[in-house]
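Reading through the structure tokens given below for one structure.
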Amino acid sequence: MEVAQWCAQQGWPVHPLAPGRKTPAGNCSTCQAPDHSLSHCSCLRSGRWCHGFHAATTDGRLIRSWWGSHPRLGVGVACGPANLLVIDVDSHAKPVPARDRVLPGIPIDARVDLRGLATGRHTLALLAALRGAPDPAEDSGTLRVRTPSGGLHLWYRTDPGLTWWCSSGSSPARALAWQVDIRASGGYIVAPGTRTREGTYTIVGECRQPAPLPEWIAQELTRTGHLGSLTPPKPPSFVIPARARQAVVAAGGQSVAARALHKLIAEVVACAAVPEGAGFSDKLNRAAFTAGGLVAGGYLSADEARRLLTEAADRARPGQERRCAPIIRSGLAAGARRPLHPAGRS
């Protein structure tokens, strides 16, 4: 609660994270229903924490209620409403990518030796050096937070008149550098002091406040597609591949069931624009539940359902097959117990 209250005092809206994890606390049973819609949800109006960063608040009464009743909850900060932009510097043991992906949009001559490149700290320092700027990771004048995995979060304050978007995975904006992503509008960041199973998010140095976003970083973010408008971008459109399109047609063409499946699949793919806090697992589960019902109703083959769902999940969260496969499997199984027809569930 102290962490949440401190963040709220800074004007940063907060929302609960699941105990010991860096993902949002689970929704209520109503919000977990396959046909649930965020736009019609009453939980936010009634002061529940459902739907991740969409529920973020600075209301002291809600904060005392949420963390007072569940003191093990972590704290997430909704970056957009807080006018925050956080540079997320990873330190994962991964193979160095091709030269054209180390600094997106900036060619690196073949004569440059990249053998010492190992983490996002290195690529961010390389970018800064190319621009004749100081390394942001060494900037003691802004809030810096060490993550349990050895990464670093660099917090900056942004102009309320501008909107900066997240980057991660297959989102519209490119990463600032290899292993360097952005947390901004449409996402959240784990607050310093939050404990997870891996460790605690710990402030580095003495500074406790984000500095204004440096001009050179703003220019790089504009170049890599992070600068938005005052209105959110439209979710990525989902173009159904030929084989999946045939499956939807086989499920009833323009029937209510087929339209529902198409809409739910599109919502899964739209999560690509939001790396965290988009309710991806719930949306994938709802799509799988609907597809399972169509399979049980005889409108869609099990193989086609799995292909369609797996492709959508891969577009939204590439490289996370181990996470997505069980969701698809359980959703299909649950839907199969309630066959779905154009007129409704059996």
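This one's a predicted model, so the numbers in the text were calculated from it and none came from an experiment.
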Quiz item: Do you know which two heavy atoms are closest between P19 and L73, and how far apart they sit?
Solution: CD-CD2, 3.9 Å
Practice problem: Would you confirm whether T142, through its side chain, and W155, through its main-chain N or O, come within 3.5 Å as a donor-acceptor pair? | Solution: yes
Quiz prompt | Nearest non-hydrogen partners of S91 and G150, listed with the distance | solution = CB-O, 3.6 Å
Exercise. Answer yes or no: is there a side-chain heavy-atom contact under 4.5 Å between P212 and Y156?
Key: no
Exercise. Identify which one of R286, R323, R317 satisfies the side chain to side chain donor-acceptor pair (under 3.5 Å) criterion when paired with S281.
Key: R323
Quiz item: So which heavy atom on H51 is nearest to which on C31, and how close?
Solution: NE2-SG, 3.5 Å
Quiz item: Are the side chain of R99 and the backbone N or O of V112 linked by a donor-acceptor pair below 3.5 Å?
Solution: yes
Quiz item: Are the side chains of S140 and R144 in touch, meaning some heavy atoms are under 4.5 Å apart?
Solution: yes
Quiz item: Would E220 and L103 satisfy side chain to side chain contact (heavy atoms under 4.5 Å, CB included), going step by step from the backbone distance to the final call?
Solution: CA-CA 10 Å; E220 292 303 310; L103 299 176; over 6 Å; no
Practice problem: Find the distance between OG1 (T196) and CZ (R21) and round it off to the nearest 0.5 Å. | Solution: 11.0 Å
Self-check item: Considering all heavy atoms, the nearest G11-T58 contact
Solution: C-CG2, 4.1 Å
Quiz item: Does some side-chain heavy atom of I189 sit less than 4.5 Å from a side-chain heavy atom of V145?
Solution: no
Quiz item: W12 versus L84: any side-chain heavy-atom pair under 4.5 Å?
Solution: yes
Quiz prompt | Non-hydrogen side-chain atoms of D139 and P134 separated by less than 4.5 Å | solution = no
Quiz item: Can you check side chain to side chain contact (heavy atoms under 4.5 Å, CB included) on T224 and S167, steps first, answer last?
Solution: CA-CA 9 Å; T224 49; S167 66; over 6 Å; no
Exercise. Decide yes or no on side chain to side chain contact (heavy atoms under 4.5 Å, CB included) for Q219 and R223, but give the supporting numbers first.
Key: CA-CA 6 Å; Q219 292 175 356; R223 179 182 61 81; over 6 Å; no
Exercise. Determine, step by step, whether L124 and L154 satisfy the side chain to side chain contact (heavy atoms under 4.5 Å, CB included) criterion, reporting the C-alpha distance in whole Å, the side-chain angles of both residues, the deciding distance to 0.1 Å, and the verdict.
Key: CA-CA 11 Å; L124 184 60; L154 308 173; 3.8 Å; yes
Self-check item: Any side-chain heavy-atom pair of P192 and V3 under 4.5 Å
Solution: no
Quiz item: Looking at CG of N285 and CZ of F280, how far apart are the two atoms once the value is rounded to the nearest 0.5 Å?
Solution: 11.0 Å
Quiz item: What is the minimum heavy-atom distance between P95 and W178, and which atoms define it?
Solution: O-CZ2, 3.5 Å
Self-check item: Value rounded to 0.5 Å, distance of OG1 in T200 from CZ in R146
Solution: 12.0 Å
Quiz prompt | Minimum-distance pair of heavy atoms, taken over all atoms of R121 and A137 | solution = NE-CB, 3.3 Å
Quiz item: Cut-off 3.5 Å, side chains only: do S149 and T147 have a donor facing an acceptor?
Solution: yes
Quiz prompt | From CZ (R306) to CD (E304), nearest 0.5 Å | solution = 10.0 Å
Quiz item: If we only count heavy atoms from C-beta on, is the L221 to L227 side-chain gap below 4.5 Å?
Solution: no
Practice problem: Quick one: which residue pairs count as a side-chain hydrogen bond (donor to acceptor under 3.5 Å, both in side chains) with a foot in residues 61-79, not counting sequence neighbours? | Solution: none
Self-check item: Distance (rounded to the nearest 0.5 Å) between I87 CD1 and H153 NE2
Solution: 11.0 Å
Self-check item: Pairing residues for R195 by the salt bridge (charged side-chain N to carboxylate O under 4.0 Å, His left out) criterion, not counting sequence neighbours
Solution: none
Quiz prompt | Side chain to side chain, I265 and E311, heavy atoms closer than 4.5 Å | solution = no
Quiz item: With no hydrogens and no angle check, is any side-chain donor or acceptor of R208 less than 3.5 Å from a backbone partner on E206?
Solution: yes
Exercise. List in chain and number order the residues that pass side chain to side chain contact (heavy atoms under 4.5 Å, CB included) with D90, two or more places apart in sequence or in another chain; answer none if no residue qualifies.
Key: D88, H92, Q179
Quiz item: Are more than 12 heavy atoms from other residues, nucleotides or ligands located less than 6.0 Å from atom CD of Q209?
Solution: yes
Practice problem: Would you give the length of the straight line joining atom CH2 of W164 to atom CG of D159, rounded to the nearest 0.5 angstrom? | Solution: 9.5 Å
Quiz prompt | Donor-acceptor under 3.5 Å (T123 side chain, G120 main chain) | solution = yes
